[in-house]
Number of protein chains: 4
Amino acid sequence: MFVHVDPSNGIAIYDQIVRQVKFAVACDALKPGNLVPSVRELARDLTVNPNTVARAYRELQADNVLQPLRGTGLEITLAAPKKCLADRAALIRSRLRSVLGEARQSGLTAEDIRNLTEDELARLEPQGNQS
Amino acid sequence: MFVHVDPSNGIAIYDQIVRQVKFAVACDALKPGNLVPSVRELARDLTVNPNTVARAYRELQADNVLQPLRGTGLEITLAAPKKCLADRAALIRSRLRSVLGEARQSGLTAEDIRNLTEDELARLEPQGNQS
Amino acid sequence: MFVHVDPSNGIAIYDQIVRQVKFAVACDALKPGNLVPSVRELARDLTVNPNTVARAYRELQADNVLQPLRGTGLEITLAAPKKCLADRAALIRSRLRSVLGEARQSGLTAEDIRNLTEDELARLEPQGNQS
Amino acid sequence: MFVHVDPSNGIAIYDQIVRQVKFAVACDALKPGNLVPSVRELARDLTVNPNTVARAYRELQADNVLQPLRGTGLEITLAAPKKCLADRAALIRSRLRSVLGEARQSGLTAEDIRNLTEDELARLEPQGNQS
DNA sequence: GTGGTCTAGACCACC
DNA sequence: GTGGTCTAGACCACG
């Protein structure tokens with residue numbers, strides 16, 4: 001299963017589902033034409049209210065990531081991978097911008113920030129080396 | 001005045017006040033022993049309910065940034081500057097870590113991230129050049 | 001129900017609630033994962049304003065005793081029992097120290113204090129014999 | 001001077017003055033017939049609002065610790081020493097009772113409490129050995 | 001239903 | 001004048 005939710009981490013559950021579906025699409029774990037689990041099935045697996053799953057799927061349809069397949073379920077759209085990758089990149093860029101802006105405001109020099117970044121990149125290398 | 005709030009930016013008003021006071025302390029704009037504006041005065045200036053300001057000040061007391069002088073007002077504590085600087089640094093480090101982590105997960109190479117960072121730093125240079 | 005408040009005993013109502021919840025946790029009457037009564041329910045039971053209960057619960061969250069389950073309620077955290085027991089012990093130790101210090105300052109001998117203590121312990125024995 | 005106030009320790013300033021005068025009387029540092037400093041003088045020395053000192057003296061008169069000496073000032077009454085000692089003893093007894101009660105409620109045995117008490121008494125011995 | 005935020009207005013003790 | 005507490009009632013997002 002590609003979704004896990006934590007009801008006590010502050011992020012809305014429906015939003016956790018939305019993000020993880022998008023992430024799975026961005027990673028090619030879900031490809032266009034694949035069916036996502038039914039609302040009831042996913043709700044049971046996550047021990048979550050079906051309304052919550054339905055809301056997540058509704059948002060994913062509004063975002064053109066999912067589309068209904070008449071009488072069958074919801075499938076990943078053709079446009080989804082491109083969209084999810086773009087969304088993710090835009091999100092990262094905006095978060096990076098905001099944290100760098102705050103860092104500068106706090107009096108860190110550009111050099112300080114480069115060093116911090118290298119530190120953190122070095123910590124990340126060993127594991128997720130998808131580059 | 002060192003506080004401005006935007007009631008429609010998603011962040012709770014009381015929290016905007018908390019953050020800005022801490023920021024002002026971190027910047028030495030507010031020093032230990034200084035009195036912050038009274039609850040009523042700040043509420044009037046921000047056209048916000050006094051309870052909202054009081055809540056912000058209460059949280060700042062819980063964080064040991066403000067200290068009551070009975071019948072007189074609230075003053076910045078001696079420990080505040082150290083605390084606010086440390087908080088700010090820790091916050092930036094953790095946010096940087098999380099955004100870099102996500103960037104790597106999304107398949108960006110360390111080099112991609114360095115380039116993105118340099119782009120954003122270059123955009124920030126002209127203005128807030130406090131380094 | 002594990003909370004009773006006395007609006008006229010000098011201690012703020014929200015603080016009475018905070019203390020009693022912590023006490024209930026320290027006594028294992030509330031265990032990690034248990035939900036506390038909803039803000040509105042407890043407010044009704046105590047015939048107190050919901051904001052007052054909400055404030056108490058907010059402080060308990062700040063103290064890492066309660067944790068929100070979005071849309072569901074507030075649960076006792078895993079760390080709560082340890083924290084509440086430690087808090088209580090530390091509180092008692094510090095109060096005992098301060099009263100003994102004052103007693104000595106007032107010219108009571110160690111023996112006087114021992115006698116006073118035994119008197120009071122004897123008065124307490126019959127009732128709350130939880131030892 | 002026998003009074004020191006800390007405006008930021010949570011206890012009302014007027015109350016700090018009241019307590020310290022009573023304590024000085026209980027210790028024989030102030031004896032019946034001694035004059036206390038004038039309101040203005042004490043207010044200047046403590047850099048405190050004269051109203052605050054006046055209020056403290058008013059309470060001390062109400063408690064029959066001070067009495068006006070026509071056109072001269074306020075003097076310690078004859079009854080003051082006995083009263084201050086008794087007050088202090090009563091206060092200590094009630095605080096001891098409350099902390100012991102809480103300790104028992106928390107599950108400490110009488111023996112635990114005796115040990116705690118001995119520990120704290122031992123810590124106090126070296127210094128204030130007025131017994 | 002749940003908690004979170006905000007407004008409005010009251011009363012208190014303290015300086 | 002100051003902060004602290006409490007009440008009352010509104011609106012929001014979430015499940």
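Proteins come first, then strands; the chains are lettered A, B, ... in the order of their sequence lines, and each starts at number 1.
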*In whole angstrom, what separates C:Leu60's CG from E:dG4's C1'?*
16 Å
_Backbone of B:Ile76 reached by a side-chain donor or acceptor of B:Gln67 within 3.5 Å_ = no
*Between F:dT2 (C1') and B:Glu75 (CD): distance, integer Å*: 14 Å
*Pairing residues for D:Gln61 by the side chain to side chain donor-acceptor pair (under 3.5 Å) criterion, not counting sequence neighbours*: none
*asked:* Each nucleotide in nucleotides 7-15 of chain F should get exactly one letter: B, S or -. Can you fill that in based on protein heavy atoms under 4.0 Å?
replied: BBB----BS
Taking distance alone, no hydrogens or angles, what donor-acceptor pairs closer than 3.5 Å link side-chain atoms of residues 20-33 of chain B to residues at least two apart or in another chain?
unit_1: B:Gln20; atom_1: OE1; unit_2: B:His4; atom_2: N; d: 2.9
unit_1: B:Gln20; atom_1: NE2; unit_2: B:His4; atom_2: O; d: 2.5
unit_1: B:Lys22; atom_1: NZ; unit_2: B:Asp63; atom_2: OD2; d: 2.6
unit_1: B:Lys31; atom_1: NZ; unit_2: B:Asp28; atom_2: O; d: 3.0

*How many Å lie between CD on B:Gln67 and P on F:dG4, as a whole number?*
12 Å
*d(CD, B:Glu59; P, F:dG3) in whole Å*: 17 Å
_Does anything in residues 43-57 of chain C form a salt bridge (Lys or Arg N to Asp or Glu O under 4.0 Å)? List the pairs, not counting sequence neighbours._
C:Arg55-C:Glu59
*asked:* For D:Leu66 versus D:Thr77, what's the shortest heavy-atom pair and its separation?
replied: C-CG2, 3.7 Å
*Could you verify whether a donor N or O on one side chain and an acceptor N or O on the other, from D:Ser8 and B:Arg70, lie under 3.5 Å apart?*
no
*In whole angstrom, give the distance that lies between atom CZ of B:Arg58 and atom P of E:dT5.*
11 Å
*Test item: D:Arg95 and C:Arg95 side chains (from C-beta on) under 4.5 Å apart, heavy atoms*: no
*Grab the OH-C1' distance between B:Tyr57 and E:dC6 for me, whole Å please.*
17 Å
*Close side-chain approach of C:Ile17 to C:Leu42, heavy-atom, < 4.5 Å*: yes
_Wobble G-U and Watson-Crick pairs count when both distances are under 3.5 Å; given that, what is the 5' to 3' dot-bracket string of DNA chain E, with | for pairing to other strands?_
||||||||||||||.
*side chain to side chain donor-acceptor pair (under 3.5 Å) with C:Ser94: which residues, sequence neighbours excluded?*
none
*Using a cut-off of 4.0 Å on non-hydrogen atoms, how would the nucleic acid contact of C:Gln61 be classed: base, sugar-phosphate, or nothing?*
sugar-phosphate
_Rounded to whole Å, how long is the line connecting atom CD of B:Gln16 with atom C1' of E:dC6?_
13 Å
*Could you check how far CG of B:Leu42 sits from P of F:dT2, rounded to whole Å?*
12 Å
